[in-house]
Amino acid sequence: MGQRVELPALIDLHVHLRGMRWSHKGDFLSETLAAVAGGYWLVCDMPNTPPETISPDALMAKQAEMAAQAVCDYGIYFGASAADNTAAYPVIAGAVAGLKIFCNETTGDLLIADQAMRERHFAAWDIAKPILVHAEGETVADILTLVRAYRRPTHFVHISTAFEIDLLRAAKAEGLPVTLGVCPHHLWLTVDDLPRLGALGRMKPGLKSPADRAALWDAIADGTVDVVESDHAPHTLAEKQSERPPYGVPGLPTTVPLLLTAVGEGRLSLQRAVELLSDGPARVLGVERPHDTGCVVEMDTPWVIDGARLLGRCGWSPYDGMRVTARVIETTIRGAIVYDASALSRCRERGG
Ligand code: DOR
Ligand code: ZN
């Protein structure tokens with residue numbers, strides 16, 4: 001049996017749990033089960049699933065469905081809309097984890113390409129909760145202009161290139177209130193994996209070059225990266241294998257095993273992994289972590305990722321066939337065991 005390490009309350013501040021009208025891809029039960037199997041205490045859900053979380057009514061509908069189904073703690077981001085929904089901010093501010101602004105094309109209809117409209121949202125978000133931005137390439141510089149002007153705490157999600165890292169490293173040196181997250185798929189996969197993965201390697205931002213991937217690992221090592229976030233974005237296998245496959249890959253059940261495998265390989269320290277999975281996201285969100293909450297990971301335990309056996313509805317993984325050496329065996333929230341890998345194995349054996 002491998003060495004057991006206890007990790008504190010883990011947070012994935014960037015997930016698309018689906019539910020609502022996209023429950024065929026995943027719902028708040030299936031995907032929070034994937035979260036606790038992945039070792040997490042808290043997940044924060046993005047607003048681009050229909051009906052998009054861009055009005056108080058849509059927010060209330062999502063809250064109700066989540067409250068009925070979720071098996072871990074959760075937060076909900078409000079979505080900035082191109083039609084200007086800033087009037088809702090005073091109403092929803094207390095009930096959300098932050099604001100999400102989609103500044104480049106991706107799944108859903110929440111793109112705000114117009115810099116003046118992005119500025120309206122920055123100006124109106126006079127709330128001590130973070131703005132999360134999907135910004136790629138030069139768009140990062142456009143958003144930094146707004147951060148400089150309005151000083152809102154801004155988290156740049158799924159940063160994927162050396163160019164973007166350089167911009168954000170400089171922004172931090174300048175003293176701007178910025179943080180950034182990177183995703184496992186950009187840390188483990190590159191464009192070289194696309195011929196093998198096909199549409200299963202299709203996400204936004206897309207896979208990048210080995211040099212970009214190396215820049216992300218360097219930025220983990222030098223402290224520039226604040227958060228590892230999964231960007232868990234399940235779609236059905238049929239959708240991914242269709243003629244127009246949607247962007248997005250699942251990540252909740254595999255992020256901790258991958259990162260802790262990297263710890264086992266000496267690519268980063270255990271302490272740095274905890275910063276990226278717990279301290280960093282807690283700081284970004286401004287949340288207190290509860291007592292008696294965390295997970296146990298067994299190290300030095302080789303297993304091969306098999307998407308069909310992972311929790312979560314979609315049943316596939318871009319890491320299918322990859323050998324990892326760390327396994328989440330138990331997750332506890334406020335003293336209650338919410339995931340027990342050995343109990344799950346026993347159930348599966350009985351089920352045949
Ligand atoms: O690949 C992605 N999928 N990137 C995003 O920004 C959205 C996500 C989704 O919701 O499918
Ligand atoms: Zn996302």
Side-chain angles (χ1 to χ4, degrees), residues 11-28 30-31 34-35 43-54 58 62 74-80 97-113 130-137 139-140 143 155-161 164 180-189 191 193-194 197-208 227-242 244-252 254-255 281 284 312-314 316-319:
I11 303 170
D12 192 339
L13 60 59
H14 183 171
V15 298
H16 304 258
L17 299 180
R18 313 305 191 197
M20 321 292 293
R21 284 186 219 145
W22 274 2
S23 294
H24 66 288
K25 298 175 195 267
D27 62 26
F28 300 128
S30 64
E31 304 318 291
V43 290
C44 293
D45 189 53
M46 290 294 172
N48 61 326
T49 289
E52 288 129 345
T53 320
I54 55 176
K62 188 182 264 191
Y74 54 86
I76 302 175
Y77 297 112
F78 200 64
L99 177 73
K100 175 71 183 285
I101 310 182
F102 289 90
C103 301
N104 296 106
E105 190 220 330
T106 188
T107 309
D109 299 319
L110 292 183
L111 171 66
I112 302 184
I131 298 178
L132 288 85
V133 286
H134 176 149
E136 299 184 39
T139 309
V140 171
I143 299 304
H155 178 73
F156 288 77
V157 298
H158 51 42
I159 287 303
S160 65
T161 67
E164 295 158 3
L180 67 123
V182 298
C183 298
H185 40 271
H186 298 126
L187 290 169
W188 267 271
L189 305 171
V191 283
D193 295 293
L194 277 175
L197 289 172
L200 301 189
R202 184 177 153 94
M203 77 291 288
K204 279 283 191 175
L207 295 176
K208 298 292 176 355
V227 168
V228 167
E229 54 195 44
S230 73
D231 198 4
H232 182 75
H235 298 282
T236 67
L237 197 51
E239 288 166 341
K240 289 297 266 185
Q241 289 170 342
S242 71
R244 297 191 56 216
Y247 301 118
V249 296
L252 272 170
T254 44
T255 301
V284 171
R313 179 153 297 154
C314 74
W316 60 273
S317 167
Y319 311 106

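As the structure lists them, so they are numbered: ligands from 1, and atoms in each ligand from 1.
The proximity of V249 to ligand 1, defined as any non-hydrogen pair under 4.0 Å, does not occur for either the backbone or the side chain. Within the 4.0 Å heavy-atom criterion, the part of H16 lying near ligand 1 is the side chain and not the backbone. With a heavy-atom cut-off of 4.0 Å, K100 does not touch ligand 1 at all. Contacts with ligand 1 closer than 4.0 Å are made by no heavy atom of M46, backbone or side chain.
Between S317 and T254 the shortest side-chain heavy-atom distance falls below 4.5 Å. Residues C103 and H134 are not in side-chain contact: their nearest non-hydrogen atoms beyond the backbone lie 4.5 Å or more apart. Annotation: side chain of V133 is not in contact with side chain of T139 (no heavy-atom distance under 4.5 Å).
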Item checked: Evaluation steps, side chain to side chain contact (heavy atoms under 4.5 Å, CB included), between L13 and L132 -> CA-CA 10 Å; L13 60 59; L132 288 85; 4.2 Å; yes
Next item on the list: Begin with the C-alpha distance, continue with both residues' side-chain angles, and end with the deciding distance and a verdict on side chain to side chain donor-acceptor pair (under 3.5 Å) for S160 and K208.
Entry: CA-CA 7 Å; S160 65; K208 298 292 176 355; 2.7 Å; yes
Next item on the list: Walk me through it: do W316 and T236 pass the test side chain to side chain contact (heavy atoms under 4.5 Å, CB included)?
Entry: CA-CA 8 Å; W316 60 273; T236 67; 6.0 Å; no
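Every atom of ligand 1 with a heavy atom of G248 under 4.0 Å away is listed here by number and element: 1 (O), 2 (C), 3 (N). Close approach of ligand 1 to T107 (heavy-atom distance below 4.0 Å) involves ligand atoms 3 (N), 7 (C), 8 (C), 9 (C), 10 (O), 11 (O). Atoms of ligand 1 found under 4.0 Å from any heavy atom of N48 (numbered from 1 in listed order, with element): 7 (C), 9 (C), 10 (O). Every atom of ligand 1 is numbered from 1 in the order shown, and the set under 4.0 Å from a heavy atom of H235 is 11 (O). Those atoms of ligand 1 with a heavy atom of A233 less than 4.0 angstrom away are 3 (N), 8 (C), 9 (C), 11 (O). Residue contact check: H134 has heavy atoms under 4.0 Å from atoms 6 (O) of ligand 1. Counting the atoms of ligand 1 from 1 in the order shown, those under 4.0 Å from a heavy atom of Y247 are 1 (O), 2 (C), 3 (N), 9 (C), 11 (O).
In summary, of the residues considered (E239, R18, R313, H235), a side chain to side chain donor-acceptor pair (under 3.5 Å) with H24 occurs for E239 alone. With respect to H16, the side chain to side chain donor-acceptor pair (under 3.5 Å) criterion is satisfied by exactly one of D231, D45, T49: D231.
With E105 contributing its side chain and L111 its backbone, the two residues share no donor-acceptor pair below 3.5 Å.
Here atom 5 (C) of ligand 1 lies nearest to T106 when heavy atoms of V15, T106, D231, L110 are compared. Relative to atom 4 (N) of ligand 1, the option among K204, H14, M203 with the closest non-hydrogen atom is K204.
One finds an angle of 110° at the Zn ion (ligand 2) between NE2 on H14 and NE2 on H16, to the nearest 10 degrees.
D231 contributes OD1 as its N, O or S atom closest to the Zn ion (ligand 2).
Geometrically, K204 engages Y247 in a cation-pi contact, judged by NZ or CZ lying under 6.0 Å from the ring centre and within 45° of the ring axis.
Residue contacts with ligand 1 include R18, since one of its heavy atoms falls under 4.0 Å from the ligand.
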